[in-house]
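Have a look at the structure below, then the notes.
Residue numbers begin at 1 in each chain, while the letters A, B, ... track the order of the sequences.
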Amino acid sequence: MLPARARRPALAALAFAAAAAAAGASSLATEPAEPRAPQRLSETGLYGPDGRLAATVERFVPQYPLWTDGARKSRFVQLPPGARIDVSDVDAWRFPTGTKVWKEFAWGERKVETRFIWKATDDGWVFATYVWNDAQTEAVLAPEAGLRNAHEIAPGKRHSIPAVDDCLACHGLAPSPVLGFSALQLSDDRDPLAPHAEPLPPGALTLRALVAQDRLRPRRPEWATTPPRIRERDPVARAALGYLSANCGGCHNDRGPLARLGLVLLHDVARDGERDAPEPARATAVGAAGRYVMPGLAPDDSRLVAPGDPGRSALLHRLGSRRPSSQMPPLGSVVADAEAVALVRAWIASLPVAHASR
Amino acid sequence: MSSRRTSAFVTAALAASAIAAHVTTAAPPEASATAADPVARGRYLVKVMVCNDCHTPWHMGPNGPEPDMSRELSGHPEGVAVTAPPALGGAWQWAGAGTNTAFAGPWGVSFTANLTPDPETGLGRWTPETFVAAIRSGRHEGQGRPILPPMPWPMYRNASDEDLRAIFAYLQSIPKVRNRVPQPIDPPAAN
């Protein structure tokens with residue numbers, strides 16, 4: 001059952017990645033021999049024969065991690081030797097065929113799953129996740145439909161292994177299917193207030209290292225001297241918008257299908273050089289009415305971000321909610337991120353009320 | 001029998017309108033419609049996959065309840081307020097409103113979506129990819145919260161890409177109806 005259906009994810013990612021592909025995408029379903037994820041994590045190339053990380057695998061740490069109910073994460077990448085990343089579109093990196101990226105999730109010392117994405121062909125990515133055994137010696141390919149409530153992470157709260165469709169909900173419609181290996185996320189100008197920031201292990205890849213090792217095309221030497229950062233002077237605003245870019249921007253950007261909402265939370269490196277270019281989140285959320293109405297408010301009173309008024313800000317409400325109809329992100333966590341809620345609340349409270357467009 | 005009467009009535013009432021064909025049983029649906037004409041294929045699929053049962057509000061006609069085809073596929077009418085669900089228990093686990101567009105159950109209260117191409121309140125800003133993603137993944141707008149019962153996406157997801165695209169093509173061809181369907185109501189137990 002798995003092999004037959006496992007074909008679709010890669011194809012879907014392909015269809016989404018090329019935003020213009022529109023109608024042509026379905027015909028690809030007839031193409032032969034889609035590559036598939038191996039049955040075991042040990043067969044993906046992450047580890048060498050000695051069980052240690054393979055020599056060709058490198059670590060990286062996005063400066064603004066995704067909140068997953070307090071999971072401890074480790075990330076690994078393997079770029080084909082000598083191949084370069086096409087960064088001509090600074091906000092949608094194109095990875096060489098053969099690129100593999102892994103993310104391990106642990107709660108406490110217990111490894112629970114390792115997610116894997118692999119650019120197996122020139123235009124298709126394979127998405128898969130591997131569930132660790134109790135002995136912590138091997139992880140096995142999860143069913144395409146995922147595993148609900150697989151691991152208890154807090155009393156009465158359980159982590160679910162995502163379905164492949166869930167991977168695609170977050171990764172499949174973003175400008176690049178790789179979300180955390182990007183110019184802002186790898187920038188050496190790391191945000192000291194980023195919620196749940198993880199320390200950089202020795203030798204971890206950063207933007208400066210990629211430039212120094214000549215692994216980008218074009219070379220982008222400016223990223224070594226003026227690394228990308230959120231265009232906000234106030235440190236709280238910087239961290240809040242960085243968090244929203246990483247945790248929400250994969251869906252809320254101006255290139256994917258949710259562009260129709262007009263809410264753009266993804267930072268745009270392309271405009272970093274422009275004087276006074278506003279952060280997209282500031283430009284599209286602050287004072288905007290939005291479509292979703294805060295429970296208990298009249299439509300006219302509800303704002304995506306009401307400057308100076310967290311209580312009327314639907315964005316904050318949805319970030320802090322885990323009710324199915326309102327929680328944001330809509331999947332991937334069962335506990336709200338209290339640290340992020342406090343940070344975004346502080347940012348909204350600090351916004352001058354004068355900006356309100358009512 | 002009764003459905004034949006209903007159809008006859010609707011057909012008579014809307015004689016001038018092409019949409020009457022959707023409920024008529026006199027003329028067999030164009031089962032042969034193929035991908036060559038996606039809109040015709042989509043019209044056929046929408047008919048036999050009974051989207052109208054839930055997405056067109058029902059009203060009481062002279063011959064009993066029937067879908068109000070003047071509001072074809074426009075979803076739960078914004079003017080029909082549905083508040084607290086009825087008390088349910090025992091064998092009765094869910095209930096539907098008289099319009100057949102609002103449903104109460106363990107999932108809270110769901111309201112059927114406006115499937116017309118109105119850009120503000122319907123599917124006007126959707127792409128074929130959004131529609132296919134929503135039906136396949138069972139996620140609101142293809143990427144959001146789980147789509148609630150009784151929307152039969154777990155069955156519809158077995159349709160081919162071609163058929164789903166044809167359904168969408170047809171839905172984009174029907175008259176726009178401006179109707180803002182309410183947000184679903186969470187079950188009391190949700191935190």
Q: Name the orientation class of the two ring planes belonging to B:H76 and B:F111 (parallel below 30°, tilted from 30 to 60°, perpendicular beyond 60°).
A: tilted

Under the side-chain hydrogen bond (donor to acceptor under 3.5 Å, both in side chains) criterion, do B:T121 and B:N114 qualify, and how do the steps go? CA-CA 7 Å; B:T121 65; B:N114 181 346; 3.2 Å; yes

query = Is the closest basic N to carboxylate O distance between B:D186 and B:R145 below 4.0 Å?
reply = no

Ranked by heavy-atom pairs below 4.5 Å to chain B, first place among A:A259, A:S325, A:C251, A:P295 goes to A:S325

Ranked by heavy-atom pairs below 4.5 Å to chain A, first place among B:G138, B:P128, B:G108, B:G144 goes to B:G144

Okay, B:R125 and chain A: the region with an atom under 4.5 Å from a heavy atom over there is both

Subject >> Salt bridge flag under 4.0 Å for residues B:R41 and B:D163 >> reply: yes

Okay, B:Q183 and chain A: the region with an atom under 4.5 Å from a heavy atom over there is side chain

